[in-house]
Amino acid sequence: MSGAAAAITLNNGHKMPIIGLGVWRMEGQEVRDLIFNALHMGYRHFDCAADYKNEKEVGQALAEAFQQGLVKREDIFITTKLWNSDHGHVLEACKDSLKKLQLEYLDLYLVHFPIATRHTGVGTTDSALDEDGVLDIDTTVSLEETWHAMEDLVSAGLVRSIGISNYDIFLTRDSLAYSKIEPAVNQIETHPYFQRESLVKFCQKHKIAVTAHTPLGGAAANIEWFGSVSCLEDPCLLNLAKKYKKTAAQIALRWGIQRNTIVIPKSSKVERLKENIDVFDFELSKEDMEAIKCIDRRLRTNNPEKFWGIHLFD
């Protein structure tokens, strides 16, 4: 099965490609080149967010690709996310993203984080801090209220599927209790050093697909920003890479796919784009999956505390 063809069927019947491309930390012409290179290689799933501040550039690239006949709208899967400061302005925020992306509908719209912060204007995606330099949390907007506004987007035909992101088991359970339309996806950080088996199994048991952001442990980007440790240097992954004649990154992605999670690695390098999608011509043995299970460090590598002055995950 090719990367372009492999997909997970969501709880509403829509299909979501099991491998996608994240566009975080991409800017300007780099975005256009990235989208076109990825499309030529077979990528059909792009993971965006209002907070990445490049939806306009992604939209311009997609519009050009559609115009050239490189791909049709119905053949690609576009995810974007509601930012924290727009929880009380869900419809306006969604329409702003659609306008920037030059799309009539989104395949998937996620609540980026389970927290509302002071509104700073639709589309600004600022993280306002209070006088103490701590994230200015809005206590007047509940996650349930936000979710019902997300459900209205489906009814309005603006979004095909809705989901959550960075929700733990407790918050995911709550969302199931108050939802009329259950979350189709929970996008979380998970990789060999942060496996989160209980959360992954809970979501899958309740028919919520799991998307693994940071599926390679963040590698260079998160080492630079958060001082984290990359799983790609782990002897277990390096040994398996030799065994299967693949790279450590390909082993990590294949492990994620065999857990039945959607993986969305990011890279602007052509050779890495090719490498990341070339993971469908081999299968890790049960013994090797178990070996990777043993290297879990419960190590979160992507932590916004650096920017928010508060450790959200305590």
Side-chain angles (χ1 to χ4, degrees), residues 1-8 14-81 94 96-110 112 123 125 159-161 185 187 211-216 218-222 246-247 249-250 252-254 256-257 262-281:
M1 182 181 288
S2 71
I8 282 180
H14 290 296
K15 292 187 180 296
M16 183 174 181
I18 202 165
I19 193 162
L21 178 64
V23 299
W24 183 44
R25 299 183 73 183
M26 300 292 177
E27 300 176 354
Q29 181 65 29
E30 183 180 36
V31 174
R32 190 264 180 200
D33 294 342
L34 174 73
I35 298 290
F36 269 73
N37 284 330
L39 286 171
H40 281 296
M41 291 175 198
Y43 285 87
R44 294 295 182 265
H45 170 192
F46 297 93
D47 183 80
C48 313
D51 186 53
Y52 301 166
K53 303 184 189 300
N54 57 13
E55 286 178 316
K56 182 178 179 181
E57 289 78 8
V58 172
Q60 290 170 342
L62 291 175
E64 185 179 346
F66 297 152
Q67 185 177 28
Q68 291 183 10
L70 180 59
V71 68
K72 296 178 181 178
R73 170 64 184 98
E74 59 267 29
D75 295 331
I76 62 170
F77 192 101
I78 302 296
T79 299
T80 197
K81 309 178 190 76
C94 180
D96 184 69
S97 287
L98 284 169
K99 181 178 179 181
K100 289 173 179 173
L101 290 166
Q102 300 187 44
L103 299 175
E104 293 184 357
Y105 68 90
L106 297 170
D107 294 282
L108 178 64
Y109 197 41
L110 302 176
H112 202 149
T125 66
V159 176
R160 290 191 169 177
S161 302
V185 171
Q187 183 177 129
T211 296
H213 76 67
T214 326
L216 302 178
N222 282 8
K246 294 289 183 178
T247 65
Q250 288 173 314
L253 292 173
R254 184 67 209 181
I257 288 169
I262 298 146
V263 293
I264 47 170
K266 69 168 289 292
S267 180
S268 59
K269 298 178 180 178
V270 172
E271 63 273 18
R272 291 283 186 270
L273 289 174
K274 291 179 179 176
E275 177 184 306
N276 289 344
I277 206 170
D278 185 23
V279 290
F280 294 92
D281 59 350

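All values derive from a computational prediction rather than experimental measurement.
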Student: Roughly how far, to the nearest 0.5 Å, is the OG1 atom of Thr211 from the CD1 atom of Ile19?
Tutor: 12.0 Å
Student: How far apart are the C-alpha atoms of Cys94 and Leu106, what are their side-chain angles, what is the distance that settles it, and do they pass the side chain to side chain contact (heavy atoms under 4.5 Å, CB included) test?
Tutor: CA-CA 9 Å; Cys94 180; Leu106 297 170; 4.0 Å; yes
Student: Applying side chain to side chain contact (heavy atoms under 4.5 Å, CB included) to Glu64 and Leu70, what does each step give before you reach the verdict?
Tutor: CA-CA 9 Å; Glu64 185 179 346; Leu70 180 59; over 6 Å; no
Student: Tell me if the NZ atom of Lys53 is crowded by more than 12 foreign heavy atoms within 6.0 Å.
Tutor: yes
Student: Where do His45 and Ile264 come nearest, in terms of heavy atoms and distance?
Tutor: CE1-CG2, 3.7 Å
Student: Can you tell me how far apart CG (Leu101) and CZ (Phe46) are? Round to the nearest 0.5 Å.
Tutor: 12.0 Å
Student: Taking salt bridge (Lys or Arg N to Asp or Glu O under 4.0 Å) as the test, write out the residues that go with Glu30, two or more places apart.
Tutor: none
Student: So which atom in Tyr43 and which in Leu21 form the shortest heavy-atom distance, rounded to 0.1 Å?
Tutor: CD2-CB, 4.0 Å
Student: Taking all atoms of both residues into account, what is the closest heavy-atom pair of Ser97 and Ala50, and its distance?
Tutor: OG-CB, 4.2 Å
Student: So does Glu74 have more than 12 non-hydrogen atoms from other groups sitting under 6.0 Å from CD?
Tutor: yes
Student: Restricting to non-hydrogen atoms, name the atom on Ala61 and the atom on Phe36 that form the minimum distance, rounded to 0.1 Å.
Tutor: O-CE1, 3.4 Å
Student: What's the shortest heavy-atom distance between Leu216 and Ala252, and which atoms?
Tutor: CD2-CB, 3.9 Å
Student: I'd like to know if the side chain of Gln102 reaches the main chain of Leu62, judged simply by a donor and an acceptor atom lying under 3.5 Å from each other, with no hydrogens or angles considered.
Tutor: no
Student: Do Gln187 and Leu108 pass the side chain to side chain contact (heavy atoms under 4.5 Å, CB included) test, and can you show the C-alpha distance, the side-chain angles, and the key distance before you say yes or no?
Tutor: CA-CA 11 Å; Gln187 183 177 129; Leu108 178 64; 5.9 Å; no
Student: Hey, is CD on Gln67 packed in by over 12 heavy atoms from elsewhere, all under 6.0 Å?
Tutor: no
Student: For the atom pair CZ (Arg73) and OH (Tyr105), what is the distance rounded to the nearest 0.5 Å?
Tutor: 3.5 Å
Student: Testing the basics here: between Ser267 and Leu273, what is the closest heavy-atom pair and its distance to 0.1 Å?
Tutor: O-CD2, 3.4 Å
Student: How long is the straight-line distance from NZ of Lys246 back to CG of Leu253, given to the nearest 0.5 Å?
Tutor: 11.0 Å
Student: Say whether, by atom type as modelled, one donor and one acceptor occur between the side chain of Asn54 and the main chain of Val23 under 3.5 angstrom.
Tutor: yes
Student: Would you call the rings of His112 and Tyr52 parallel, tilted or perpendicular if under 30° counts as parallel and over 60° as perpendicular?
Tutor: perpendicular
Student: Could you give the distance from CG (Asp47) to OG1 (Thr79), rounded to the nearest 0.5 Å?
Tutor: 5.5 Å
Student: Is a donor on one side and an acceptor on the other found under 3.5 Å between the side chain of Asp278 and the backbone of Lys274?
Tutor: no
Student: Within this structure, what is the CD1-CZ distance for the pair Ile76 and Phe66, rounded to the nearest 0.5 Å?
Tutor: 3.5 Å
Student: Using the rule given for side chain to side chain contact (heavy atoms under 4.5 Å, CB included), can you reason through Phe280 versus Arg254, listing the C-alpha separation, both sets of side-chain angles and the distance that settles it, and then say yes or no?
Tutor: CA-CA 8 Å; Phe280 294 92; Arg254 184 67 209 181; 4.1 Å; yes
Student: Between Asp107 and Arg44, does any side-chain N to carboxylate O distance fall below 4.0 Å?
Tutor: no
Student: With sequence neighbours left out, write down each residue that passes salt bridge (Lys or Arg N to Asp or Glu O under 4.0 Å) with Glu275, or none if nothing qualifies.
Tutor: Arg272
